[in-house]
*Asks:* 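Mind looking over this structure? Questions follow.
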2 protein chains.
Amino acid sequence: MAKNEEAVKNGIFKMGDKNVAYQQFFQGQSYLNNLVGEKDINVGVGNVTFEPGCRNNWHIHHDGYQILLVTGGEGWYQEEGKPARKLHPGDVVVTHDGVKHWHGATKDSWFSHVAITAGTPEWLEPVSDEEYNALED
Amino acid sequence: MAKNEEAVKNGIFKMGDKNVAYQQFFQGQSYLNNLVGEKDINVGVGNVTFEPGCRNNWHIHHDGYQILLVTGGEGWYQEEGKPARKLHPGDVVVTHDGVKHWHGATKDSWFSHVAITAGTPEWLEPVSDEEYNALED
């Protein structure tokens, strides 16, 4: 078992299926369980799970925001021009409108968070192996 | 220890302090940990914990909505004119604009949920002991 694999796979919110819809915007394997997605509610809510080393591309939420509620394992959150922030269960991240950022697992740990998302995402370049591998677990 | 007390008190999100701000709208003791409350984000996010028997008054979210992500224990959710729904960790509830409802713990269990709330609440009458006690744990 990889680090935190059992805890993340048996978290409060089910991990769902392989995240096919967004896999083009991720490095590595992620899983998505859509919890809320309704026309008259301006946020989508989903539980996102990352295998060790998995992370999403740099991206921006336009005319919206994203809130991450960390539910399991260990991960990273980084905004452009700032140091990466190590994440643990119970941590909360707020990404404001227009801020370029990425999030994902650490190199050796599974990771999961609930994402509350409003607005329109713009997906950008991947986080390079050079950038990612330079982060200290 | 009451049922689920240890699990709820040691949940992923800290339970915070006694919910003084809203206690006039609750029967029994609740706790509130505000996770997100920012001017440019149209939702507030908080972790709400209920002692056994604690529930909030009937209320309505106007020009908004509420999403509950159940994180611990056992609770109830009820919309006016419908049967109460028993809640367990991992359950998700969406309350649409204008719908009169209440939520809280079961009689004998601690309960916690993350609440994602938009709009303006209108607080109404308490859930009577008669209504509440008639629910089957």
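The sequence lines fix the lettering, A, B, ..., with proteins before strands; numbering per chain opens at 1.
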*Asks:* Mark yes when over 12 heavy atoms from residues, nucleotides or ligands other than E122(B) sit less than 6.0 Å from its CD; otherwise mark no.
*Replies:*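 Result for CD/E122(B): enclosed.
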
*Asks:* In this structure, would V92(B) and F13(B) fall into the same cluster of hydrophobic residues linked by side-chain contacts under 4.5 Å?
*Replies:*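 Same cluster: V92(B) reaches F13(B) through Ile, Leu, Val, Met, Phe, Trp or Tyr contacts under 4.5 Å.
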
*Asks:* Looking only at heavy atoms and a cut-off of under 4.5 Å, which of D91(B), V114(B), T71(B) has the most pairs with chain A?
*Replies:*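 Among the listed options, the one with the most contacts to chain A is T71(B).
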
*Asks:* Consider only side-chain heavy atoms of I, L, V, M, F, W and Y, link residues closer than 4.5 Å, and tell whether V36(B) and V45(A) are in one cluster.
*Replies:*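 Yes, one cluster joins them.
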
*Asks:* Is the number of heavy atoms from other residues, nucleotides or ligands under 6.0 Å of Y22(A) OH greater than 12?
*Replies:*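 No, because the 6.0 Å sphere around OH of Y22(A) holds 12 heavy atoms or fewer from other groups.
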
*Asks:* Apply side-chain contact (heavy atoms from CB on, under 4.5 Å) to the pair I116(A) and I67(B), showing each step before the final yes or no.
*Replies:* CA-CA 11 Å; I116(A) 303 162; I67(B) 297 165; over 6 Å; no

*Asks:* Take atom CD in E125(B); do more than 12 heavy atoms of anything else shown fall under 6.0 Å from it?
*Replies:*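 Yes, enclosed.
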
*Asks:* Evaluate side-chain contact (heavy atoms from CB on, under 4.5 Å) for V94(A) paired with I41(B), printing each intermediate quantity in order.
*Replies:* CA-CA 9 Å; V94(A) 178; I41(B) 305 283; 3.8 Å; yes

*Asks:* At a heavy-atom separation under 4.5 Å, does D97(B) approach chain A through its side chain, its backbone, both, or neither?
*Replies:*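 Neither part; nothing is under 4.5 Å.
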
*Asks:* So does N34(A) have more than 12 non-hydrogen atoms from other groups sitting under 6.0 Å from CG?
*Replies:*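 More than 12 within 6.0 Å, yes.
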
*Asks:* Against chain B, label V43(A) side chain, backbone, both or neither, depending on which of its atoms sit under 4.5 Å from a heavy atom there.
*Replies:*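 Contact with chain B involves both backbone and side-chain atoms of V43(A).
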
*Asks:* Return the CG to CG distance between L35(B) and L69(A), rounded to the nearest 0.5 Å.
*Replies:*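 The CG atom of L69(A) is 6.5 Å from CG of L35(B), to the nearest 0.5 Å.
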
*Asks:* Please look at N42(A) and chain B and tell me whether the side chain, the backbone, both or neither of the residue comes under 4.5 angstrom of a heavy atom of that chain.
*Replies:*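 Both parts, backbone and side chain.
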
